[in-house]
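Everything below concerns the one structure shown next.
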There are 2 protein chains.
Amino acid sequence: MLELAGLPADCAKRRATGGCDVCQARPFSVCASVPDADLARLDGLAETVALEPDQALFRQDDPVTHIFNVTSGSLRLSRLLPDGRRQIAGFLFAGDFIGLSDEARHAFAAEALEPSTLCRFRQGDYRALMREVRDLETALLQRAGRELSAARDQALRLGRKSALERLASFLIDLPGIDPLRPATPDVIRLPMTRGEIADYLGLTIETVSRSLTKLKQLGLVRQLSLNLLKVERHDALRDLAEGLG
Amino acid sequence: MLELAGLPADCAKRRATGGCDVCQARPFSVCASVPDADLARLDGLAETVALEPDQALFRQDDPVTHIFNVTSGSLRLSRLLPDGRRQIAGFLFAGDFIGLSDEARHAFAAEALEPSTLCRFRQGDYRALMREVRDLETALLQRAGRELSAARDQALRLGRKSALERLASFLIDLPGIDPLRPATPDVIRLPMTRGEIADYLGLTIETVSRSLTKLKQLGLVRQLSLNLLKVERHDALRDLAEGLG
DNA sequence: CGTTCTCTTGACCAGCATCAAAATTTGTGG
DNA sequence: CCACAAATTTTGATGCTGGTCAAGAGAACG
């Protein structure tokens with residue numbers, strides 16, 4: 001029942017390459033070195049959730065009742081303005097947590113990009129557990145710190161980068177956050193649509209498409225299929241992403 | 001020596017209004033209900049840092065050695081692109097923490113907006129302490145969650161809002177994060193320059209200035225002095241910030 | 001009071017959005 | 001497997017928001 005995806009990055013990587021059978025089953029617990037006795041208690045409290053593409057885990061303004069951990073697939077965290085403008089605050093992949101903040105309601109909706117599974121705890125159970133299982137809290141704090149860094153990188157992207165730089169930066173960062181990336185390091189899987197990339201990068205679908213075409217023309221990436229890219233010149237792409245283009 | 005500014009919001013508020021003398025001295029500890037024995041150990045590890053305006057606490061890419069807590073004043077978290085473009089990821093006020101992420105180097109520089117003081121721990125000491133003082137970690141996790149929410153709100157601002165909406169949204173949110181706001185709820189203190197607001201909102205100085213003029217023309221705010229605003233129509237400002245304008 | 005810095009205002013321009021349509025991909029039924 | 005319909009992506013033409021460049025108005029400092 002318990003199926004939290006690994007917190008430590010190296011664990012997530014081993015999972016992705018299929019090298020860690022134990023982690024596959026209960027990666028979080030093992031990687032965080034939680035004693036077996038506590039493991040059993042975690043097992044008892046965990047529930048599994050499965051989502052179809054576009055199905056909502058929760059909606060914007062829903063009360064926060066659970067803590068979730070993504071075990072497979074990918075989701076989007078999105079928020080709508082009254083007039084329909086949408087901002088995607090982030091994409092979530094195996095290992096990511098949702099609901100760490102102690103707010104009463106979700107400011108963003110979480111919806112599946114593809115068939116996905118999650119593991120959840122009631123927030124009350126979870127809080128109580130954290131008071132007893134020390135490593136759980138430590139691991140979560142580390143992860144929250146990393147997510148905060150990612151959110152600030154996103155601010156830089158949205159605030160000060162051109163459309164082309166935003167897309168380049170997105171393509172550079174994506175493999176790092178998706179443990180299920182293809183074995184080949186420079187092949188990038190895009191489980192999201194152009195519209196979702198646009199809403200993540202604060203652009204329109206058309207501009208995302210045009211920017212991608214530009215990257216292809218510059219010879220920085222090659223398109224293997226609609227949602228599979230190969231980075232041809234990683235350094236050049238990185239320079240562009242960092243504003244050195 | 002120990003002078004962590006309060007974690008729980010109500011404590012920070014009491015500090016701001018001068019109502020909590022004990023909190024003034026060691027707000028974090030008291031509010032988090034840390035036992036006296038642990039308090040003494042915290043005291044032994046804490047150091048105070050004072051900064052002049054524009055003085056750097058650390059620079060972008062510096063190694064992370066300490067955890068900081070702002071006890072007075074305000075700072076900016078900023079990052080530069082090679083060509084000089086600057087993005088300010090956030091403003092920090094009394095009570096805010098820096099260095100929660102476990103990364104080796106700072107992705108953003110921290111610089112004082114005004115004369116400020118901070119309390120710091122060596123990261124090693126701090127980690128060790130967290131393993132023993134339970135409430136410290138719990139409180140930090142809550143705070144990290146809140147900062148993450150704020151960072152995601154910022155993504156919405158930068159990604160999908162117009163210049164006028166960004167400024168309105170900034171003015172709505174600022175009092176909530178600055179415990180030293182004036183007693184009058186609708187008077188907003190701006191310890192940062194127009195240029196800093198611009199770099200925070202992903203705009204230029206000129207656009208910030210024009211947008212502020214527009215807000216005044218619309219009768220939503222009145223300018224008491226260069227860096228002091230009075231919100232005249234809070235609901236209208238909020239609607240504008242949320243895209244209902 | 002004058003020097004300097006910051007803020008405000010104005011004129012013009014560019015990057016991205018908008019509107020429109022063609023090209024590809026995806027899904028469905030025969 | 002093919003044909004057709006629907007949805008998504010790409011490409012093209014035009015317009016607007018906000019950036020750039022320039023000058024003037026206030027504040028802050030000695």
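Lettering follows sequence order; numbering is per chain, from 1.
In this entry the distance linking NZ of B:K161 with P of C:dC16 reads 22 Å, nearest Å. The nearest whole Å value for the distance from the CZ atom in A:R160 to the C1' atom in D:dG18 is 11 Å. The interatomic distance linking B:M192 (CE) with C:dT6 (P) rounds to 16 Å, in whole Å. If you take CG of A:L224 and C1' of C:dT24, they are 17 Å apart, rounded to a whole angstrom. Computed from coordinates, the A:L164 CG to C:dG15 P distance equals 12 Å when rounded to whole Å. Counting to the nearest Å, the C1' atom of C:dC5 and the CD atom of B:E196 are 14 Å from each other. As rounded to whole Å, 13 Å separates atom P of C:dA17 from atom CZ of A:R85. At whole-Å resolution of the value, CG in A:L212 and C1' in C:dT25 are 15 Å apart.
For NZ of B:K216, the number of neighbouring non-hydrogen atoms (other residues, nucleotides, ligands) closer than 6.0 Å is greater than 12.
Heavy-atom distances under 4.0 Å link DNA chain C to A:L203, A:T204, A:E206, A:T207, A:R210 of residues 203-211 of chain A, given in residue order.
Under 4.0 angstrom from either OP1 or OP2 of D:dT10 there lies at least one side-chain N or O belonging to A:Q223.
Checked by atom type, the side-chain pair A:S169/A:R157 shows a donor-acceptor distance below 3.5 Å. A:S72 and A:S116 are not linked by any side-chain donor-acceptor pair at a separation below 3.5 angstrom, with hydrogens and angles left out of the test. A donor-acceptor contact closer than 3.5 angstrom links the side chains of B:S78 and B:E111.
Not less than 6.0 angstrom separates the ring centroid of B:F97 from the ring centroid of B:F68.
Comparing A:A163 and B:R194 along DNA chain C, the residue whose closest nucleotide (by nearest heavy atom) sits nearer the 5' end is B:R194.
Using a cut-off of 4.0 Å between Lys/Arg side-chain N and Asp/Glu carboxylate O, A:D83 and B:R160 are scored as not salt-bridged.
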